[in-house]
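Predicted model only: the values in this text are computed from it and were never measured.
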Amino acid sequence: MRLNGNRFVIIGRAGMDFYPDPPGTKTEEATQFFACLGGSSANIGVAICKLGGSADLVTCVSDDAIGRFAINELDKYGIGRAHVRSVGGEARNSLAVVETRIEDHQSVIYRNGAADFEMTTADVEAVDYMAYDALITTGTVFAAEPSRTAAFRGFELAKAAGLPLIFDIDYRPYSWPSPQVATDIYSRAGALCDVIVGNDVEFGFMAGDYDKGLDKARELVVQGAKLAVYKMGEKGAITITPDGEITTGIFPTQALKPTGAGDSFMGGLVAGLADGLSVREAVLQGSANAAMVVARVGCAPAMPTRAELDDFLKRHAGSSAA
């Protein structure tokens, strides 16, 4: 599985993350916070741009100070926002209050009336998909209308343009009306995609049985996907391809927090596929990216540069991850 280039269009959300400061502080005891870009899709875009690729985001942000903060952050990281639309009314940007601590970690997510759910078919139809090498989306875009219909329309247009579809399951229960709706929509979306990435819980959820998640990942490849990455936390990952399965471990790290691993893994993986790495090498690059990000403060600002990632991989050559 290789991509023709490193130009990505990403459908999904951009928001604001608040981290109690200094690291280790509990939210309820905090007197100051560190703010940075948030939202899975935006974070994936940051990871791609820092590794030398290009990423354009398709989403909606609120027409207020928080929405403008997100736009300024996208500019700072070099993420294209020609297809980021500001919406008024009661819509509000996502806000996550996330602790930089492992023990008793707390994350509080504000998603009521989320602005990114206001994305419409007109937004995705305005994109020139021929200008990109792949489309990436995260599962949250399917949780509500009109974003759900718009995202599926984006899939249609990207497929028609010959783009591979890359899907990060990214299941967030609080965004969905019911687990059953989520299972049905995720299965529909997954069946359309070329690359599906998720953890054991997310694939288990898609399967309707947490013990059958790996079977679901394998089934998606049998049905036509080129790649399914079944992540198992500290146990590493099983990557399924039409040619067989690849088992990889994780890189040792001193984690400061449990968050940010998924977005950084996806960024490292797709950057590797775009650079012509083998599937195993691309998965290991994703794992290394994740190991670096959980050991740093924030998510977007924690994403390593190409030089930092290459240095990490060189220092950890022959580690348990391989």
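Counting only heavy atoms from C-beta outward, the side chains of Thr253 and Met292 never approach each other to under 4.5 Å. Inter-residue side-chain proximity for Leu227 and Asp194 is flagged as unmet; no heavy-atom pair is nearer than 4.5 Å. Side-chain contact between Val294 and Thr259 is absent, with no heavy-atom pair separated by less than 4.5 Å. Counting heavy atoms from C-beta outward, Arg280 and Val283 have side chains that stay 4.5 Å or more apart. Residues Asn199 and Met232 are not in side-chain contact: their nearest non-hydrogen atoms beyond the backbone lie 4.5 Å or more apart. In this structure, the side chains of Tyr230 and Asp200 come closer than 4.5 Å at one or more pairs of heavy atoms. Using a 4.5 Å cut-off on side-chain heavy atoms (C-beta onward), Arg81 and Ile71 make contact. Between Phe203 and Asp215, every side-chain heavy-atom pair lies at or beyond the 4.5 Å cut-off.
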Practice task
Apply side chain to side chain contact (heavy atoms under 4.5 Å, CB included) to the pair Val58 and Val127, showing each step before the final yes or no.
Solution key: CA-CA 8 Å; Val58 184; Val127 177; 3.8 Å; yes
Problem - Stepwise side chain to side chain contact (heavy atoms under 4.5 Å, CB included) check, Ile166 with Leu3 - result: CA-CA 11 Å; Ile166 301 170; Leu3 302 176; 4.3 Å; yes
Handout entry: Worked check of side chain to side chain contact (heavy atoms under 4.5 Å, CB included) between Phe8 and Tyr132
Key = CA-CA 6 Å; Phe8 296 90; Tyr132 303 99; 5.8 Å; no
Practice task
Before giving the answer on salt bridge (charged side-chain N to carboxylate O under 4.0 Å, His left out), spell out for Asp63 and Arg68 the whole-Å C-alpha distance, their side-chain angles and the decisive distance to 0.1 Å.
Solution key: CA-CA 7 Å; Asp63 186 14; Arg68 288 189 286 277; 3.7 Å; yes
Problem - Full working for side-chain hydrogen bond (donor to acceptor under 3.5 Å, both in side chains) between Thr138 and Asp168 - result: CA-CA 5 Å; Thr138 59; Asp168 190 326; over 6 Å; no
Exercise for the section: Show your working on side chain to side chain contact (heavy atoms under 4.5 Å, CB included) between Leu284 and Glu281 and close with a plain yes or no. Expected result: CA-CA 5 Å; Leu284 289 173; Glu281 289 172 324; 5.6 Å; no
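In terms of heavy-atom proximity, Ser41 sits nearest to Leu57 at CB-CD1, 3.9 Å. Val197 approaches Lys231 most closely through the heavy-atom pair CG1-CE, 4.0 Å. The nearest pair of heavy atoms linking Ala300 to Leu37 is CB-O, 3.8 Å. The shortest heavy-atom contact between Asn289 and Gly267 is ND2-C, 4.5 Å. Of all non-hydrogen atoms in Ala115 and Cys60, the two that sit nearest each other are O-CB, 3.3 Å. The two atoms that bring Ser40 and Arg172 nearest to each other are OG-NH2, 3.1 Å, heavy atoms only.
The CZ atom of Phe69 lies 8.0 Å from the CD1 atom of Ile66; values are rounded to the nearest 0.5 Å. For the atom pair CE of Met266 and CD1 of Ile48, the computed distance is 8.5 Å after rounding to the nearest 0.5 Å. Asp133 contributes atom CG, which lies 6.0 Å from atom CG of Asn4 (distance to the nearest 0.5 angstrom). Of the inter-residue distances, the one linking Ser54 atom OG with Asn6 atom CG reads 6.0 Å to the nearest 0.5 angstrom. Separating the CZ atom in Phe33 from the CZ atom in Phe18 is a distance of 7.5 Å, to the nearest 0.5 Å. To the nearest 0.5 Å, atom CD1 of residue Ile44 and atom SG of residue Cys49 are 12.0 Å apart.
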Contacts table for residues 148-163: side-chain donor-acceptor under 3.5 angstrom, sequence neighbours left out:
residue : atom : partner : partner atom : Å
Arg148  : NE   : Phe142  : O            : 2.6
Arg148  : NH2  : Phe142  : O            : 3.3
Arg148  : NH2  : Ala143  : O            : 3.3
Thr149  : OG1  : Glu145  : OE1          : 2.9
Thr149  : OG1  : Glu145  : OE2          : 3.0
Arg153  : NE   : Glu125  : OE2          : 3.0
Arg153  : NH1  : Glu156  : OE1          : 2.9
Lys159  : NZ   : Leu192  : O            : 3.1

Distance-only donor-acceptor hits, side chain of residues 90-102, under 3.5 Å, sequence neighbours excluded:
residue : atom : partner : partner atom : Å
Arg92   : NH1  : Gly89   : O            : 3.3
Asn93   : OD1  : Ser62   : N            : 2.6
Asn93   : OD1  : Ser62   : OG           : 2.9
Asn93   : ND2  : Ala14   : O            : 2.8
Ser94   : OG   : Arg111  : NH1          : 2.4
Glu99   : OE1  : Gln106  : N            : 3.0
Glu99   : OE2  : Thr27   : N            : 2.8
Glu99   : OE2  : Thr27   : OG1          : 3.1
Glu99   : OE2  : Gln106  : NE2          : 2.8
Arg101  : NE   : Glu103  : O            : 3.0
Arg101  : NH1  : Gly24   : O            : 2.6
Arg101  : NH2  : Glu103  : O            : 3.3

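Neither side chain, Thr183 nor Gln180, offers a donor N or O lying under 3.5 Å from an acceptor on the other. No side-chain donor from either of Thr59 and Asp116 sits under 3.5 Å from a side-chain acceptor of the other.
Glu219 and Lys212 are not joined by a salt bridge, as no carboxylate oxygen comes within less than 4.0 angstrom of a charged side-chain nitrogen. Using a cutoff of 4.0 Å between basic side-chain nitrogens and carboxylate oxygens, Arg306 and Asp275 are scored as salt-bridged. Salt-bridge annotation for Arg218 and Glu245: present, with a side-chain N of the basic residue lying under 4.0 Å from a carboxylate O of the acidic one. Salt-bridge formation is detected for the pair Asp311/Arg315: a Lys NZ or Arg NE/NH1/NH2 atom is positioned less than 4.0 Å from an Asp or Glu carboxylate oxygen.
Ile136 and Ile79 fall within the same hydrophobic cluster, defined by Ile, Leu, Val, Met, Phe, Trp and Tyr side-chain heavy atoms under 4.5 Å apart, directly or through other members. Hydrophobic clustering keeps Val84 apart from Phe117 (ILVMFWY residues linked when any side-chain heavy atoms are closer than 4.5 Å, directly or through intermediates). Ile169 and Val270 end up in different hydrophobic clusters when Ile, Leu, Val, Met, Phe, Trp and Tyr side chains are linked at under 4.5 Å. In terms of hydrophobic clustering, with Ile, Leu, Val, Met, Phe, Trp and Tyr side chains grouped at heavy-atom distances under 4.5 Å, Ile246 and Leu269 are assigned to a common cluster. In this structure, Leu165 is a member of the same hydrophobic cluster as Val221, with clusters built from ILVMFWY side-chain heavy atoms closer than 4.5 Å.
For CG of Asn112, the number of neighbouring non-hydrogen atoms (other residues, nucleotides, ligands) closer than 6.0 Å is 12 at most. The environment of Glu28 atom CD is dense: over 12 non-hydrogen atoms of other residues, nucleotides or ligands sit within 6.0 angstrom.
Proximity of a side-chain donor or acceptor of Lys257 to a complementary backbone N or O of Gly298 within less than 3.5 Å is detected. No donor-acceptor pair under 3.5 Å is formed between the side chain of Ser187 and the backbone N or O of Asp184. Glu202 contributes a side-chain N or O that, together with a main-chain N or O of Tyr171, makes up a donor-acceptor pair within less than 3.5 Å. The closest donor-acceptor contact from the side chain of Thr247 to the backbone of Ile238 lies at 3.5 Å or more, if one exists at all.
In this structure, Tyr186 has its ring center closer than 6.0 angstrom to the ring center of Trp176.
Between Tyr19 and Phe34, the ring planes are tilted. Angles from 30° to 60° get that label.
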